[in-house]
Protein chains: 2
Amino acid sequence: MKNKKRTTIYDIAKKLNIAASSVSRALNNSDQVNEATKKLIIKTAAELNYKRNTLASNLRKGQSKTIGVVVPFINQNFFSNVIAGIEEASYQKGYNLIICQSNELQSKEIKCVNTLINQHVDCIVISISADSSDHKHLQNVLDNGIQLIQFDRVADELETLKVINDNEQASLEAVSHLIEQGYKRIALLEGPQNLQIFRQRKAGYINALKKYGMPVLDELIVENAWTKELGAEGTRKLLDLVEPPDAIFASTSDFSALGVLEVATAMGIKVPSELGICGYSNEAFTEITSPSITTIDQFSVYMGKTVANLYFQEMGNKDDTETVPKIISIKPKLIVRSSTKRNG
Amino acid sequence: MKNKKRTTIYDIAKKLNIAASSVSRALNNSDQVNEATKKLIIKTAAELNYKRNTLASNLRKGQSKTIGVVVPFINQNFFSNVIAGIEEASYQKGYNLIICQSNELQSKEIKCVNTLINQHVDCIVISISADSSDHKHLQNVLDNGIQLIQFDRVADELETLKVINDNEQASLEAVSHLIEQGYKRIALLEGPQNLQIFRQRKAGYINALKKYGMPVLDELIVENAWTKELGAEGTRKLLDLVEPPDAIFASTSDFSALGVLEVATAMGIKVPSELGICGYSNEAFTEITSPSITTIDQFSVYMGKTVANLYFQEMGNKDDTETVPKIISIKPKLIVRSSTKRNG
DNA sequence: TTTTAATCTGCAATCGATTGCAGGAATTTA
DNA sequence: TAAATTCCTGCAATCGATTGCAGATTAAAA
């Protein structure tokens with residue numbers, strides 16, 4: 001516990017009476033070291049319990065083999081799954097992850113990003129916070145020559161690599177499904193419109209209504225119904241209308257949908273016959289509520305893997321000529337469950 | 001995107017025609033630099049978009065202000081909450097987190113730990129994997145002068161800082177509660193007994209039975225019922241007994257308890273009147289199943305904060321004389337819900 | 001046997017920031 | 001005015017690993 005001194009390549013070199021450079025080469029399996037010497041060095045290194053000092057190595061090499069990740073909250077299902085995916089893919093390539101949470105605060109997000117720049121990470125992966133307005137700090141990442149990949153919640157105007165869900169398409173399918181089940185007045189619980197993902201979900205909702213020649217009614221659109229509580233609150237308002245909706249698309253999250261379900265249950269409104277409910281994200285619990293909740297799966301772990309692999313792929317192609325900002329769109333999947341199954 | 005070259009303190013020094021050491025001192029707000037010069041340096045640094053190279057700094061200072069975390073899976077509720085807690089406390093102290101997942105594999109766990117040692121993290125926080133048998137790699141952490149903190153799943157024989165739940169006490173309370181609700185034949189779904197936490201939960205179960213003068217019946221104890229599927233399987237076996245249990249304590253997890261509930265529901269067995277169910281962990285979904293599931297809250301986020309703060313506290317006390325291996329035990333809380341409420 | 005080529009090995013610089021030490025300038029005290 | 005302090009500033013070494021280059025050794029070719 002006390003031996004602060006770690007063995008370095010110099011210790012090994014001294015012990016074997018050779019140069020540190022040879023030790024370094026041997027430990028990096030360079031072929032300009034004699035096989036026998038190499039073996040001896042490796043053996044000695046093990047005996048002395050040598051551990052390479054990655055800091056020194058990285059400093060010299062000018063890269064850190066580290067990816068920085070910034071998400072609003074680590075312990076939100078979607079994000080923790082994405083992170084798990086990133087970790088899995090990164091680990092295989094020998095990369096490490098530094099994780100930060102922005103707590104949905106731009107101010108903290110900026111600090112996180114700066115820390116990661118200081119740490120000389122090779123790449124920063126971010127899903128921007130809800131209150132983010134400008135993106136200087138992200139531009140700064142690029143200016144420092146660090147690869148930037150945005151996922152899910154992206155700042156559209158920034159030309160970076162992006163991995164997103166096709167939110168509009170998914171919403172369109174969800175609402176179309178509701179319409180096909182015979183629901184006539186479909187309400188929308190929408191999220192903060194400064195985030196593109198929520199604008200897209202709203203667009204999908206509107207497109208679906210238009211496609212089927214149905215009117216878009218402002219009174220059926222509830223702003224900022226993000227959490228379970230806000231979802232519940234919005235639902236109460238909606239159901240108090242003279243002409244209440246017969247279906248609610250909680251485009252913000254499954255938590256919001258859960259709020260809807262609880263209010264409906266409390267008011268004795270039958271789901272799905274009197275009210276259809278559709279959530280977003282396919283949280284684990286949507287399967288076990290009664291009735292189970294129709295929702296949209298975002299393939300979050302896969303999304304994480306995609307993000308990481310996109311980086312490695314981009315690394316591989318050294319032709320700096322081709323700096324096309326790539327966007328990978330993952331098609332989410334509508335999971336139809338009891339909460340919207342009116343026919344058959 | 002191309003300016004690979006970052007500004008260093010030398011660039012600032014050259015521009016102002018002073019020595020790099022002064023720049024360094026100024027940026028570290030040392031009071032041995034003239035106020036005016038300091039201001040000028042800081043201003044120039046900002047103009048040149050200078051970012052300190054943490055790698056170089058850490059290499060020189062011999063510390064990294066980084067905490068490494070190893071958990072079985074990042075995207076398991078309990079662990080992601082603990083990580084969130086660690087992050088919150090660490091961020092305040094200016095520490096970063098490097099996160100790894102062991103996938104419950106000792107082999108990967110060893111690799112993760114080695115990577116973290118190479119990274120020169122200041123502290124490693126770990127919850128050991130289920131199949132872990134020996135702990136040489138953890139001893140190695142200590143031998144390298146790195147602080148080691150174990151949480152939740154700990155290797156008892158290693159004298160390190162530990163943050164644990166009082167699993168035995170929690171189980172005892174849970175089972176006592178079942179008994180007081182009038183359940184007579186209480187079964188146990190147990191986890192891998194090489195993990196201390198599961199041994200403790202079993203001990204709590206047995207103690208409770210003894211306390212009330214009830215027999216411990218082997219046929220009512222099901223091994224390795226960790227997941228929802230295994231929980232369901234175990235439940236089917238139990239309910240097939242000549243004398244089936246009238247309550248099941250899924251000591252492994254809430255997922256297991258969910259498996260129990262699903263089987264019971266499918267077989268038309270009424271919960272809680274005919275069968276009581278108690279889970280472990282207070283997963284979000286336990287509140288919304290019907291009936292809701294009685295479970296045990298582990299205060300996971302708080303646990304994470306405790307871990308981090310324990311480290312900082314230990315840092316603070318420089319008296320190396322006192323190297324007492326501290327153990328902090330957090331008392332979990334029994335959350336009584338519908339699945340066990342038979343009386344009142 | 002001499003020339004050429006292939007293989008190893010070591011020196012020394014480098015990555016960027018930090019810090020002990022020495023010395024010069026400015027200020028205070030005698 | 002001389003001596004003693006205080007205050008700044010810069011030099012140079014250091015953290016540990018990597019790598020271009022040159023020289024040495026050995027093997028192969030002429």
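A, B, ... follow the sequence lines: proteins, then strands. Residue 1 opens every chain. What you see below is based on every heavy atom in this structure, not just the backbone, and it leaves out hydrogens, waters and symmetry mates.
- Taking the side chain to side chain donor-acceptor pair (under 3.5 Å) definition, one finds that Asn34(B) meets it with nothing, sequence neighbours left out.
- A sub-4.0 Å separation between OP1 or OP2 of dG10(C) and a side-chain N or O of Tyr10(A) is absent.
- Smallest separation of non-hydrogen atoms from Leu97(A) and Ile83(A): CD2-O, 4.2 Å.
- Scanning both residues, Asn144(B) and Arg6(A), for their nearest heavy atoms gives OD1-CD, 3.4 Å.
- Among the heavy atoms of the strands lying under 4.0 Å from Ser21(A) is at least one base atom, whether or not backbone atoms are also near.
- Relative to the six-membered ring of Tyr91(B), Lys108(A) meets both conditions, a distance below 6.0 Å and an angle of at most 45° to the axis.
- Using the six-membered ring where Trp is involved, Phe299(A) and Tyr302(A) have ring planes that are perpendicular, over 60° apart on the 30 and 60° scheme.
- Ring planes of Phe151(A) and Phe78(A): tilted class, angle from 30 to 60°.
- For the pair Ile18(B) CD1 and dC7(D) P, the interatomic distance rounds to 20 Å; values are reported in whole Å.
- Distance from the side chain of Ser22(A) is smallest for dG10(C) among the nucleotides dG10(C), dA17(D), dG16(C).
- Asp131(A) meets the salt bridge (Lys or Arg N to Asp or Glu O under 4.0 Å) test with no other residue; sequence neighbours excluded.
- Looking at which nucleotide of DNA chain D each of Asn17(B) and His120(B) is closest to, the 5′-most match is held by Asn17(B).
- Among all heavy-atom pairs drawn from Ile42(A) and Ala26(A), the shortest one is CD1-O, 4.3 Å.
- Each salt bridge (charged side-chain N to carboxylate O under 4.0 Å, His left out) pair with one or both residues in residues 52-71 of chain B, not counting sequence neighbours, would appear here, but there are none.
- To the nearest angstrom, C1' of dT14(D) lies 15 Å from CD1 of Ile9(A).
- Of all non-hydrogen atoms in Pro72(A) and Ile128(A), the two that sit nearest each other are CG-O, 4.2 Å.
- The CG atom of Asn118(B) sits 14 Å away from the P atom of dG16(D) (whole-angstrom rounding).
- Within residues 51-68 of chain B, the residues approaching DNA chain D are Leu59(B), Arg60(B), by heavy-atom distance under 4.0 Å.
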Please list, pair by pair, any protein nitrogen or oxygen found under 3.5 Å from a nitrogen or oxygen in nucleotides 26-28 of chain C.
none

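- The nearest whole Å value for the distance from the CZ atom in Arg6(A) to the C1' atom in dA17(D) is 14 Å.
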Check against salt bridge (charged side-chain N to carboxylate O under 4.0 Å, His left out), Lys43(B) and Glu47(B): CA-CA 6 Å; Lys43(B) 181 163 150 277; Glu47(B) 280 169 14; 3.5 Å; yes
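- Contacts between residues 23-41 of chain B and DNA chain C, counted as heavy-atom distances below 4.0 Å, involve Ser24(B), Arg25(B), Asn28(B).
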